[in-house]
Amino acid sequence: MGNTIACCVSPERSPTLPRQLADRQEDYQISTNVRENTGPYLQHISDREEPDEVAQESHPSNHARVSTIFLSKSQTDLQDKRKSNHINHVSHTSPLSKKYSSCSTIFIDDSTVSQPNLKSTIKCVTLAIYYHIKNRDSDRSLDIFDEKMHPLSREQVPGDYSRTDPEHKLIYRFVRTLFSAAQLTAECAIVTLVYLERLLTYAEMDICPCNWKRIVLGAILLASKVWDDQAVWNVDYCQILKDITVEDMNEMERQFLELLQFNINVPASVYAKYYFDLRSLADDNNLRFPMETLGNERAQKLEAISRLCEDKYKDRSRAAMRRSFSADNLVGIRCSNAVLS
């Protein structure tokens with residue numbers, strides 16, 4: 001009864017607070033509403049830097065879960081080949097053309113995701129470029145990549161250069177010459193294909209007969225500088241392609257980077273996806289990687305590599321055990337030793 005703000009003082013209305021307390025309560029309600037509506041929310045840097053018109057998650061050169069473009073473009077020809085072979089009762093592959101391992105003989109190829117075979121990888125990459133050109137949607141291009149406006153040699157460009165699709169052998173010869181002269185690695189060829197598809201998606205253009213040489217040259221130039229520790233200079237390519245100037249190479253490289261939005265990062269997952277998709281492309285087109293019989297020398301090398309990987313795995317497992325030492329009933333991971341005879 002002694003409380004002045006009790007309900008019994010005035011039953012017709014709710015109790016009132018002193019003015020200072022009421023002002024504080026009103027300020028607190030406003031501040032809580034502001035925090036609920038706006039809050040201390042900081043937008044992630046990837047959400048702020050990525051433009052709305054470019055959804056990088058949908059690009060195969062950025063995301064490992066998105067299928068590569070060249071593999072989807074090659075399926076059109078493969079389906080036609082299978083239909084024609086089925087109608088004509090022609091076997092696409094001979095059962096004796098592929099080597100199979102047995103209990104006494106083991107066949108392995110010298111191409112791995114970390115050390116691909118150079119010749120086979122270049123064949124697969126050029127085959128992917130061939131399917132890009134053959135099954136293109138349109139002929140969208142840019143002047144910097146037009147071979148007639150910026151020729152690579154002094155020879156006159158044919159009049160039908162923009163209408164005749166190059167054969168796979170021509171593309172392979174062009175890329176093989178650059179890789180041999182510049183002494184580039186097989187990993188550089190895979191990164192070249194990644195940059196090529198990234199350029200096509202970012203710039204919304206097509207690789208066609210009039211621009212494929214300069215696009216491939218720009219992708220190789222950029223991949224060699226990003227991947228190799230001792231990259232070649234632009235003037236070195238001018239010595240390989242005698243009639244091109246350094247200024248032209250510099251301008252093409254600059255515009256290539258601008259069209260890529262300076263995104264030259266190639267995640268390991270994307271690189272592995274392109275490697276295995278290239279192997280799938282090789283199997284679909286009957287391109288065999290060189291197979292060799294597993295001998296004693298090769299078996300010893302594989303055993304040495306497996307021991308090195310096993311030691312690294314043991315070190316990591318020991319570190320994980322130390323971090324999880326307080327867990328109850330912790331059981332360590334035991335690794336079985338592989339025996340190669």
Could you list the residues that satisfy salt bridge (charged side-chain N to carboxylate O under 4.0 Å, His left out) with [X], not counting sequence neighbours?
X	answer
D248	R214
E253	K225
D277	none
E167	none

### Query
Could you give all pairs that pass the salt bridge (Lys or Arg N to Asp or Glu O under 4.0 Å) test and reach residues 111-136, with sequence neighbours left out?
D77-K134, R136-D139, R136-D165

#### Entry: Residue pairs passing the salt bridge (Lys or Arg N to Asp or Glu O under 4.0 Å) test where at least one lies in residues 256-274, sequence neighbours excluded
R254-E258

[X]: what forms a side chain to side chain contact (heavy atoms under 4.5 Å, CB included) with it, not counting sequence neighbours?
X	result
A272	V113, F276
E187	P116, T185, W227, Y271
K73	I69, H132, N135, D137
D143	M149

### Task
Hey, could you give me each pair passing side chain to side chain donor-acceptor pair (under 3.5 Å) that has a residue in residues 170-183? Not counting sequence neighbours.
none

## Note on the structure
ring pair (Phe, Tyr, Trp, His ring centres under 6.0 Å) filter on Y275, not counting sequence neighbours, yields none

